[in-house]
Every structure is written in structure tokens, then in C-alpha cells.
Amino acid sequence: IGDPSLLRSLNGNTVLISGKAATSPAENYHLARRRTLQVVVSALLTECGFESAEKAAVETLTEMMQSYITEIGRCAKAYCEHTARSVPTLADTVVTLIEMGFNADTLPVYAKRSQRMVITAPPVTNAPVTPKALSAGQKRTHPAYIPSHFPEFPDPHTYIKTPTFREPVSDYQVVREKAASQKRDVERALTRFMAKTGETQSLFKDDITAFPLIAAQPSSIPYLSALLPSELELQTLEETDSSEQDDQTDSENAAGNLINDDPGGDKENSMLPPSGVPSAKASEENVIDNPYLRPVKKPKVRRKK
Amino acid sequence: MLCYYDIQIVRRNLGYVELTIFPTVVNLNRIKLNSKQCRIYRVRVNELEAPFIYNDPTLEVCHHESKQRNLNYFSSAYTAAVSAVDPDAGHGELVIKVPPELWKQGDDLKVLKVYIEFSLDQPKGGLHFVVPDVEGSMAERGAHVFSFGYQNSTRFWFPCVDSYSELCTWKLEFTVDASMVAVSCGDLVETIYTHDMRKKTYHYVLPIPTAAPNISLAVGPFEILVDPYMHEVTHFCLPQLLPLLKHSMSYLHEIFEFYEEILTCRYPYSCFKTVFVDEAYVQLSSYASMSIFSTNLLHSATIIDQTPLTRRCLAQALAQQFFGCFISRMSWADEWVLKGISGYIYGLYLKKTFGVNEYRHWIKEELDKIVEYELKMGGVLLHPTFTGGKEKDNPTPHLHFSIKHPHTLSWEYFKMFQCKAHLVMRLIENRISMEFMLQVFNKLLSLASTASSQKYQSHMWSQMLLSTHAFLKSISNVSGKDIGPLIKQWVDQSSVVKFFGSFAFNRKRNVLELEIRQDYTSSGTQKYVGPIKVTVQELDGSFNHTLQIEENSLKHDIPCHSKSRRNKKKKIPLMNGEEVDMDLSAMDADSPLLWIRIDPDMSILRKVEFEQADFMWQYQLRYERDVVAQEEAISALEKFPTPASRLALTDILEQEQCFYKVRMQACFCLAKIANSMVSTWQGPPAMKSLFTRMFCCKSCPNIVKTNNFISFQSYFLQKTMPVAMALLRDVHNLCPKDVLNFILDLIKYNDNRKNKFSDNYYRADLIEALTNSLTPAISISNEVRTVDNLNADVRLILEEITRFLNMEKLLPSFRNTITVRCLSAIRQLQRNGHIPSDASLFKSYAEYGHFVDVRVAALEALVDYTRVERSSAELQWLLNMVQNDPAHYVRHKILGMLSKNPPFTKTTDSALCNEALVDQLWKLMNSGTSHDWRLRCDAVNLYYTLFGLTRPSCLPLPELGLVLNLKEKKAVLNPTIKPELEVGPEPDPISLGVCGVGQPPQGLKRKAETPLGSPPEPGQVLQQQDDDARGGHFKIRFNTMEDEDIDMETVHDSQAFIHQHLHLLERPSTPGKEPPSVEQSLLSMPATPVPSFSKETSSLASKHAGEHGHHHHHHHHEHKKKKKKHKHKHKHKHKHESKDKEKDRERDNSHAYSNSPASGRSLRSPSMSD
């Protein structure tokens, strides 16, 4: 090889690998293979008469070669599985090569060419060991009616639940104390966070971080937030009183109906011709004769403006 | 008949009005209408173009060139200006000349149809536009518009006869965007799309004769709710609030039922509409068949405190539907009857719904309010009579404003007026019984409803107008009783009665010697002669005595029943028949008297200061069942800080049968007593153990129970006790550490998760408690307040407040109560010197776009800041907001708060008090507030508070070298000439020595700016009756922009016409009226001499005037300049000779009220002095 730039690149790689040595063995393994491949590419290039190559070019060629080999493997495996086997035979590989437009007959000649370089085998790296699964419970075997070549059960830790609990604190005072301080902590953290992330106002000029106040932001419709109960309040309300909750939904339904049945006051209906929207509650609504619920009339025969 | 419009929320409305007039007198050649702000394009009478003049003297009350800055002068000029356009007197801003072709028709008393085309551009008053600044269409943004005003203010949005006594039937048409709903008075007949289908027209018909001020309008993308109990009642609210509306209105039908039952009369209109709008002018305003409320009255089912308030508002609004809208007043002087009746039946509703205790508590509260006001400010007169119209006859000389018109009243006075009116109604009820009272109301209503169904006839509809006279007559017819003295005492006369009572028990004669003295000399008091009830609780029972208060007798002997015995263990009978055991050890062994009450039924408008021993007050508190007596006892016990008082108060606090408001009051009294007894106080801080017992967990007494507000009485008590406890002080005058920690624990352990109700008011009160616990910081002089030297307790408080305020941003509470209290807490911290005083925080919360309660709280803090720091920048900022804020309520509120907590007063000196401020405020009330009567009166109030009635002391004396001080009758060399020349905002040419040379060109300039003002020609004044075209139809139509076909020529014609008439102004109409202008700057008393014409000359004079005007119509242009010169000469000539003459004349003839400086001639407002 002897090419300085290539060597540099190889060295660089080594450094890189050593730098990453702390990473998982699986990764190590793959990197070693890749390096071998790179050496192969370099050798081939030398064989073809190149004296030096840019790192990027080598890299690209390596990539191409890897893809090519991978494709051969994938394709061969597909052929073998097509014929209901699990290990590819030579024939599968040959067919694959032919399929990929490679003249398989030239291969033996090429392999035996005189000027080929011999590359040392890559240093033996351990094939990656699958990490030990968390052992929890008994690993289950297949029941009798499942063929053994079927995948095994996943590790028990993925489906076994292990209930853990502590003795609940039942002392009233402690419970209240905890609830209170927890609530306070949450509130304080939240407000501090909001104050840190947004605009603030301060009560002290010397230390604007002490007692930060979230800046007052005028809203365009201030009465909505001031009058409507917050979702939290509604939620508590539902939890505490179910009858109350029923009322709530009732009113919402009724509200919906009202709007639907009222072609006059509603903007969406004003787009539609006011032919009256028949609804499930129509009969009931008919009883209520309120002028605001009546449909808007179409203009009569052209009148003088 | 009235039609209307195209309401563009872009604030431009076009419309027309059509009035049908039935002349009642011959010689109808001028029609005067009220109109403000409207741009009038054309007027036609019976299809004939009619010329018109538009002059609004209230736009600018006194004119620029006047350097007068005293309030007396302003008030009379303002009253005159309002009188000059008073519809009740037949005046108006808009004068239409009936074309001569129609005079004949008028003489035959035939119908005239007046058609007025007008537009309203960016109205500042009358209609309020709320347009939120967000994305989307107008409907999506929740933009809406509604009419508002103080008393008769309908003239702001369409030309009309803006009087409560001019009834007519109405036809109203409103064309609005298809996404909007237009709600107005009367029945909605139909809604029709316009041809392009983008708009729709609402057609309303109001067949019941109604006065123009009772007409209103609201347009917006409202959500509609038909009342489930009464289908003719419809509620409207802004988008998204429907669930709240549904809840808040669920109670309305009961109020309806109540009123219909007691009045035995059906609700007079065929439908009723409630509209809830944002930025409302007042919380509630009633109009014919509809009421407009503030949207902030809506609440959800979780809110406790707002519920009774909202229901009260609804009840008030509904009461005013009967008395105020359906039955209207005959004249302003009769307003008290309507306010009184509606307030009285509202009281009956309170009694029925909230109970007798609440009712009596309310009556006491109202009575205390009116008594306090009258004793402080002087009397409130319900039924003023203005006979002579002379200045001397002013029935309320103690006031800095005139009560002759609703528009000149201060808002506070008007509130007190309403309060007094319903209290007087209650006095009448006491006199003639409730049964008769209701019969009278029923009679009035049935007469009115008979009248309302009649076709127009001149006399019939007057049954729908109520006068004091008719009301009293009806009372005497129904009850057969003479209530003359009562009316004379409380209605025709202002002021209240102030009693001082004391007693001695004569053991030998077994007689109670009661002495009742009166103070009737100080301001706001009057002398009472007549019966008074005294209740004496003795050992043998309770006895009523009616004493006669007479001129000279002070002492009254009341025989006692009990022959002083006590050994027998006997129960003591009370007034209500109940018999109770009492521990009598505290009482005086010789006396059988337990307690004495003077006027227990509050049947006199009075304040009673009664002296009795502390144990008697304690017995009264414990055993008297009347809440008023209990409350009186509590306030009396404040003066007796003894263990016995403490015990009595604690017992009341614990007693669950006791009215909750009494118990709340007892909390505060207990705190005061504890502070007075601080050196001898035994045991834990007051109320702490009580609170622990009532509201804390049994197992761990330092932790409060999780909230459960199902019992409202305990809820209110739980809210109040911490607030009162925080007022406790130890020997160092600090809040005890115990108490502070206790409150902090309440906050810490507050847990509302299991509660059905919101705890926002409770938390707000806890913040208030923290605020109350603050005491002034021990300050080393001039030390800058920093975080490091913050007191440890204050640090804890501040942390809580910060957290609360920040949490509110994430989870806002109902009506932002928490923010409101936090702001006042922060201000309190600043004021006590714990943290640096700074206004910027409040300024940001006071900005438009925050919830109104928050804004008001922030503004209150700012007002306080302004006073304490004497900051002129903040004062300017506030005044700037008064001028520019979109929300009228906030403007009003700022001025109100500034008057209540003024930065300085007339008696104190302040650097803030300078000429620029005087000028600014003067300008504000003079011309800056012409679109809102209430605001103008607020400005007058503030001016009064700051500078008093006379020329503000900070003003340099007028800039003449020699100043004649007429009051002190001496001449001094003006020492202020130099400063004035430097400081004066504009040199005053008149006073700088050009006096008498002539009118400065300013006059002309002003004309161009405010192109309004017409000379009160002689005939005009006398013509009042001519305009008296009662009733008839009134019709307004507002057209859409694109439909509008404005005849530009006509417009120009009209404008030219106006201009010509304006120029007429330059010409003196009567020589005597032209005053020498020097006097303005020297003399302070305004008055106007006016030629008085007799009735006989009326028609002649008016004809003459007509010709006169006509003449100038043609020739004025060419001769303008010439005339001016001529005029000036005129002035010269008259200057000297008329001076003395005028003075004389003024003395004789000073009742010239109807044509005063402002009535149009105000350009050179004549001012005179004696």
C-alpha cells in the first residue's frame, strides 16, 4: 500500500477506532470488518495502478463494495428461502451474481490472476455477544403444539409485572403535610420556571431575581379567563359531585342544540339558506315560540331601498 | 316610529329618524330636538327640506379666553348650558325651522312628519364599541356594541326628544352583519336578510308608549338562551359564556313571580331581554323591555359570593322595569318617586329571598350610608322645587353642583339620592301599611297599562308618567291618611336627624328619665318634631313607648314596670315572646332596666348616639333578637374593652343561630377590644382557639380541615376570622407571631380538592389577612429597601404573595380575586416601607386588556402611590388614562378614587398643585368630557376636592398690574406678573392689557373647531310651548353604507347654513348682553342678564327673529368683516355705561337662568359680580 495519504487515512481510522474502543463489542466488530474492506479497496486500487487516492474516494468505493457484497448476500438468501431452504448454496450465489449482471465464468480466472495481492486476515475480533438479558422469572419454553423452530418467548422481564409497594402512610397529619408541601413545591417550581422562561417584573430594584413575578400580559378578551371556571376546577367538580357533572353535560348538550336549532343567531347557519334545520329536538323546540329562534327571512320581492 | 341602521362595528353608523309630531299649540314654526355627536345630513318636514341649526353649549362650558378658574363660575355656567338644551323645558341642541309652507298645517294642529338623516362617526358616548384585538371576523372576536348613558342620554346616538316625559310608540329597524344579533326594545317582529344576504335587518315594534331615554340597543355575536321557565324571556351573552348564563339566569323566573304577585299586575311588556356585555357603563341599566348588564355578573355554580350579588342586580333591574321604564317620570323633580318605589319593592324582594335579617341589615346599612353622607357633605334633597329660579333660592347652597338637572349631579350624590328615596318609601310604608302601599302601586300600574293600550290622545298617556303630586294623591285616596308632614320632612327638605340620648333611673319614682337631645345646627342635620318610639327591655318584659319630640322638651319620664326583684329565678320575656334565662349578676342591683333602644324600627332617617352602661350593651347583644340592635351593640362595645365584652362577643361568635353578618362584625370588634386590652389579655390570641375548634382537624389542631363550604354561614365566618385576627397587635404594636404563623399555615394547608365550591374568595381573604398583619417597617432613615434587609416575617408573606400572583397567571381565579388582593397587598408592603415604593408594577396591571377588577385594584394602588409619593408623573399618567381609556367605567373610577384619596386638597399645600394641573383639569371638565355626563361631574368633583369652590390658590392672580379684589375691597399690585409671563401656557390677550379693544381672533378660531353654537334669539326662549308637540310617532332608519345615497348638495347646503348661522354669533343680539371683557378676568360671580319677554310678545318676537335670521342668511357673508368692526365699536360704547347699569339690573333681575352664558352666547360669557 505505502501510499502516504491512504496510510494517513488508515491511521486516522485506527485512532478513531481506538478512540471508540470503549464502545460496545458489537460496534468494535463491525468497525474491524469495515477496516478490512477498506484495505481491500486500497489493494485493488494499487493493483489497478493508482498511486494515491483521496480519502473520500476510498470511502465511497468502500461503501460501494460493501453495498455490493451486502446485496449479493441478501439476494442469495432470498433465492434460498424461495426454495424453502435456510442456508444458501453455491447455486444461489451464482444465480445471484448472474442476476446482478456479473459474468460468473470470469470469476475463477480473476481469482487466480497473478498480480493479486494477498491480504492478511483481519485480526480476530470476537463476534459480538448478545448482552445478557435481565433475568427475571422463569424463561418459558414452547408448549407442545408450537414447533420448536418458532421464535422463542421473549425474556420474561418484558411481560412479567412485579408489584412493589410500600406500607401506605396513614397518619392524617403526615398525609396533609405531604400533600401541602408537595402542592407548594409543584407550584413554586412551576411558577419559578414560568418566571425564568418568560418576562418578569420585580419588586426590588437591587435584585431582580428575588421574588420574580410573571409579567402581566394584557389579553384581548380578559373576561373569558376571569369568568370561566378553569379546566382544573371543572375536573374537581366532576370528581366531587357526579350529579353536578350530569348537569354540566346536560347544559352543554342543550347549548349545542340551541345553537343548532337557531338559524338566526348563528354564523355558520347564516351561510346556509335558512330553510330550517330539522333536528331531533325539533318538536320540542316548536313549543318555544321565541322570535330570536325563528329563521331569518329572505328578502321579499325587490323593495325600494 | 323609529327605524334604524347599519351598525358597522368599525364605528360608523348611518341612519335616519322619522318623527311624527302632533302639534298641541298653534304657531309651531320651530321644532327643537336633542342630538349630540350625530352628523345630520338633511332634515325634511313633510317632504320639504327644512333648515336647521345645531348648537350644543355643553360641548364647551366656558370658553378659552376666560381665565376664570373658579368652580362657582363653572357650575352655574354648566347648569345654564344643560338648561339651555333641557328637553323637559322644550329646548334642544337641534332647532329645525318648519318651512313656512307648513305653518298653516301646524296651526290646524295637523300631523307633521320630521325626517332626519344622520350618521354617527366614532361616537365617544352613547354607544360603546368593544372590539377585542384578535384575529378573525368581528363575530369571532366577540366584538359588540351597546348603548349606555347616565339618565337621559339617548341623544348621543340618535336625534330625539331626550326626555323621560315625552312618550311615543316606536318602530325600530337595525341592519347588522349576518353574524350579529341586534337586541332592542319591544317585540322582534321579523328578521330579514338584505339582498346580498350578508346582512340582516331586525324589525322591532314597541307598541307601549315609551320615552326616548328608555330605548336601547345591543348588537353582537350573542349566544341566545330562551328562558326555560318563561319563553318570552330571552337572555343574551357573549360567545363561550352560555353555561354561565344558563346558571346565572336559572333564578330569574322567581323574581318575576315575586313582583307580579306583590304588585298583582302582570309584567307590562310582552317580552323581556337581558343582555350581558363587556365594559359595561354600570352594572345594570334598565330600558323598556330589556336590561343591559355587565358580563361580569355571570358566574358558574361553584361561586358562592357572586351569586347573591347577581341575583340582587337582576331583581333591581326587574323592579326598574315596572317603575322607571314602564311608568316614567313627569319631571326630574319626580325622579325620587320612581327610584323610591323600585328600590322599595326590590327591598321587599330581598326580605322574601334573603330573609328578614338580611333585609333589616340592609336597611341599617343604607341608613348609615345616607346619614354619613349627609352629615359629611350636606343634605340630599329628594324633591327640589325651583320656583323663582333665583340664585338665592338654590335649595342646596352647600353643594358645589346644581341639583336642577340629573346631568349636573355628582355620581355619589345620585347614589345617595336613590338610597334615600327607597328609605323614604319605607317610611311611608311604616305610616300607611304595606298593604296600602302595594295597592297604590297596583293602582298606578293599572292606570298606566290602561293608558298604554290607548291610541294617542294628548291626556291619556300622561297616566304613564308619575309625578310626586299624583303619587301623594294616590296614597291619600287609597289609605285616607295624610302623609303631608312626612313628605315635608323627608322629601321637600334635605338632611337627617341627629339624636343624642342618655338616661337615668329614678329609683324612688321607679321611673326611667330619658333625655333626647338633637343637633340641628351642623351641616346636613334638621330638626325633628314628632313621635319617636323607644323600646325598654325590663326584667318583666319588653315595652314600647311612643314619645313626642317637641320643641323644648328634652326629658321624658317613662314609668317602669318591674318592681325591681331578682331573687325569684324567673325567665325574662323578650319582645318576640321568647322567654330566656339570663345571668343577671352583671346588672345594676337597683335598676330593672336591661337595655333601651331609641327608634328601633328605623322610622326616622337619623343617627342615634345613645349612652348606656357596658353591661346593657352586652345584654342587648346577647339577648335582643333584632340584628340591627345586635349590630348597634357591637359597635358600642368597641368603647368598652373589658373581659365581659370579650365574653359576650365570643359567645355571639359561637352561636350558630345568630345572623352571620353579625358574627362577622363581632370578629372585627373582638380584634379591636383585644388590642385595647393587650396588656391584660389572657390566653391565646383572640379567635384563634375558636377558629381551631370550628374549622381545624380534631386530631391535629394546627391543620385546617379540607374545605367544605356547604354551609354558607360557616364559610363566611371562616373567611372573615383570619382577616380580623390579622388586625391583632401585641405590646410592640406588631402582629403576634402566633397569628402570622397561623395564617401562613391556613394558606399552606388549604385544600380545595374535595370541595364543591371554588375557594377563590377564601384564598383572597387569606391574602387580605396577610396584608392586615403588616405593620410599618422599622426604618433607619433614608435606607434603601433591599432584599437583604427584608424582615423575616415579611419575607414569608412576600413569598406567599408572589406565589399566589404567579399561580393566578397559570390558573386564573374567578374575577381574578387573587390578583386584586395581591396588588393591594404589594401596595401595603410598599407603603409600610418593607419594599421599595414603585409604581411600574401597578401601571402594567392597570393597562387596558386586564380584567376590570384587576385594573381598578391597580389604579387604586396608583392613586395611593400618587398621594404618598406626591408624584406628578403618576398623576399625569392617571389623568391621561381618564382622557383616553376605552372603558368608561375605568375612567369614572379613576376620577372617583382620586376624589376619595386625593393627592392634595384645598386646605393642604402641595407641589403638585400648579397652574398646569388647574388648566388641565379645567379643560377636562370644560370640554374634555362632553360625551359623558357622569365623567364630567366626576371631574367637577375632583376639581372641587383639589381646589375648592374659589379660584385655586396656586394660580397667580390675574395678570393685570393692578388687581381689584372686590371681595376684600382693596387694590393690590399684582406680584405675579413676571412668573405668569414665563409659566403661562398661553398669554391672555385680554388680561395683558388689551382689554376692551375687542375680541381676540381666538373667538373665530374656536368657531371653526367646534362649529356649533347658535345665538339664542329672543323668540327662542319664549317658544318653549311651541315645541310642545307631545307624543306621536318617532321613526329612525339607519341605512347601509352602500345603500346610502347621500345628497351631497344638501349636505353642503346644510353646512353652509350652519356656517352662516355661526357667523351670526359674532353679532351681539342685544346690546346689554355684551359685557366688557375686562371683567371676566377680574370678577368671579357669573350671571347673565337676560331680557325678559312677556308671553304676549312671543309670536311677534319669534317672527322678528325669524326675519332677522333670514336677513343675515343672505347678507352676512359679504358684511362679515364690517360687522365685526361694528360689533367691537358697539362693545366699546357699551362698556362703561352699561357696567353700572348691568349691575343694578342684575340685582333686580338675576333670575335670568334660562339664557345664561352657556346657552349659546357663551363665546363671550358675561360674568358679573356684586
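Order of the sequence lines sets the chain letters (A, B, ...), proteins ahead of strands, with each chain counted from 1. Quick caveat, the model's predicted, so the values are computed rather than measured.
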For the side chain to side chain contact (heavy atoms under 4.5 Å, CB included) test, which of B:Val181, B:Val226, B:Leu225, B:Thr191 pairs with A:Tyr292?
->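 Only one option passes, and that is B:Val181.
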Most chain A-contacting option - heavy-atom pairs closer than 4.5 Å, from B:Asp751, B:Ile801, B:Thr234 |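 Heavy-atom pair counts peak at B:Thr234.
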Does a donor on one side chain sit under 3.5 Å from an acceptor on the other, for [X] and [Y]?
X: B:Tyr749; Y: A:Glu177; result: yes
X: A:Ser220; Y: B:Asp133; result: no
X: A:Gln201; Y: B:Ser840; result: no

Start with the C-alpha distance between B:Ile703 and A:Gln173, add both sets of side-chain angles, then the distance that settles side chain to side chain contact (heavy atoms under 4.5 Å, CB included), and finish with yes or no.
-> CA-CA 8 Å; B:Ile703 297 181; A:Gln173 185 169 354; 3.7 Å; yes
Are any of the side-chain nitrogens in A:Arg184 or B:Glu799 under 4.0 Å away from the carboxylate oxygens of its partner?
->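 A salt bridge is absent here (no side-chain N lies under 4.0 Å from a carboxylate O).
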Do the charged groups of B:Glu190 and A:Arg294 touch, with an N to O distance under 4.0 Å?
->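 No, B:Glu190 and A:Arg294 are not salt-bridged.
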Spell out, as yes or no, whether a donor-acceptor pair under 3.5 Å connects the side chain of A:Arg176 to the backbone of B:Val704.
->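 The answer is yes, because a donor-acceptor pair under 3.5 Å joins these two groups.
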Report yes or no: does B:Asn806 contribute a side-chain atom to a donor-acceptor pair with the main-chain N or O of A:Leu213 at less than 3.5 Å?
->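 Not confirmed, B:Asn806 side chain does not pair with A:Leu213 backbone.
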Please indicate whether A:Glu199 has more than 12 foreign heavy atoms, meaning atoms of other residues, nucleotides or ligands, lying under 6.0 Å from its CD.
->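 No.
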Take atom CE of A:Met194 as the centre, draw a 6.0 Å sphere, and report whether it contains more than 12 heavy atoms from other residues, nucleotides or ligands.
->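 Incorrect, the count does not exceed 12.
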Output the distance between atom OG (A:Ser225) and atom CG (B:Asn816), rounded to the nearest 0.5 Å.
->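 Output value for this atom pair is 5.5 Å.
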Calculate, to the nearest 0.5 Å, the distance between atoms OG1 and CG belonging to B:Thr802 and A:Leu203 respectively.
->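 The CG atom of A:Leu203 is 6.0 Å from OG1 of B:Thr802, to the nearest 0.5 Å.
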Side chain proximity check, A:Leu227 to B:Thr295, heavy atoms < 4.5 angstrom |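 Touching, per the 4.5 Å side-chain cut-off.
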